[in-house]
Amino acid sequence: LSTNIKFQAEIRRIKAVCEKESLNVPKDVPVNEQIFNIDPAHKLLMCRTAKCGMSTWDNKFVYIFTNGTKMGGINLRKTLEKERITSEEKIEAIQSLITPIHEYFSFFVCRNPVERLLSLYNMVTRKDKSKKAKA
């Protein structure tokens with residue numbers, strides 16, 4: 001119960017900040033469509049963020065595009081996406097997100113910053129050990 005109360009308090013706080021800050025969001029920022037995955041059939045729009053399982057998400061989008069018949073990475077996802085939606089339509093869908101009512105379920109994946117830092121540390125130390133082993 002205590003966790004639920006804290007969670008609800010955080011939701012209220014986030015909503016309040018978003019309402020207050022929404023007036024400060026510029027409306028004329030150019031859209032970089034490459035940082036978004038989109039599935040027009042299911043109305044999914046994902047903002048890509050680094051080091052948060054994007055390869056897995058590319059695979060999931062391929063799986064959705066092919067009705068569960070294929071798995072694949074970023075190149076196949078891009079190819080299948082381009083077969084389903086034009087660049088102009090994709091940009092229009094992304095820009096629609098600034099309006100309160102839009103068609104797409106939009107989301108991004110945010111990894112725990114401590115886990116992310118630990119992952120980076122492990123990656124760097126593995127590379128360092130690999131270099132030393134080769135020397």
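N59 contributes no side-chain N or O that, together with a main-chain N or O of M71, makes up a donor-acceptor pair within less than 3.5 Å. Proximity of a side-chain donor or acceptor of S119 to a complementary backbone N or O of E115 within less than 3.5 Å is not detected.
Residues F65 and L45 are members of separate hydrophobic clusters, defined by side-chain heavy-atom contacts under 4.5 angstrom among Ile, Leu, Val, Met, Phe, Trp and Tyr. Residues V62 and M54 share a hydrophobic cluster, clusters being chains of Ile/Leu/Val/Met/Phe/Trp/Tyr side chains in contact below 4.5 Å. V31 and L97 end up in the same hydrophobic cluster when Ile, Leu, Val, Met, Phe, Trp and Tyr side chains are linked at under 4.5 Å.
The environment of OH in Y104 is crowded: more than 12 heavy-atom neighbours from other residues, nucleotides or ligands sit within 6.0 Å.
For the atom pair CD of E92 and OG1 of T86, the computed distance is 8.5 Å after rounding to the nearest 0.5 Å. A distance of 12.0 Å separates CZ of F61 from CG of L80, quoted to the nearest 0.5 Å. The distance from the OG1 atom of T66 to the CD1 atom of I64 is 9.5 Å, given to the nearest 0.5 Å. Annotation: the span from E19 atom CD to I14 atom CD1 amounts to 12.5 Å, rounded to 0.5 Å.
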Let me see the working for F105 and F107 under ring-ring contact (aromatic ring centres under 6.0 Å, His included), right down to the final yes or no. CA-CA 7 Å; F105 176 78; F107 65 102; 5.7 Å; yes
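Screening residues 29-43 for side chain to side chain donor-acceptor pair (under 3.5 Å) gives E33-S87, N37-R48, N37-D58, N37-R77, D39-H42 as the qualifying pairs, with residues at least two apart or on separate chains.
The ring of F108 has its center no closer than 6.0 angstrom to the ring center of W57.
Put simply, the side chain of I38 does not reach to within 4.5 Å of the side chain of L44, judged on heavy atoms. Side-chain atoms of K90 and F36, non-hydrogen and from C-beta on, do get closer than 4.5 Å to each other.
Residues meeting the salt bridge (Lys or Arg N to Asp or Glu O under 4.0 Å) test with R13, sequence neighbours left out: E10.
A pairwise comparison of heavy atoms in T125 and N122 identifies OG1-O, 3.1 Å as the closest pair. Contact record, I101 with T99: O-OG1, 3.0 Å, taken as the closest heavy-atom pair. Minimum interatomic distance between H102 and S96 (heavy atoms only, all atoms of both residues): CB-O, 3.5 Å.
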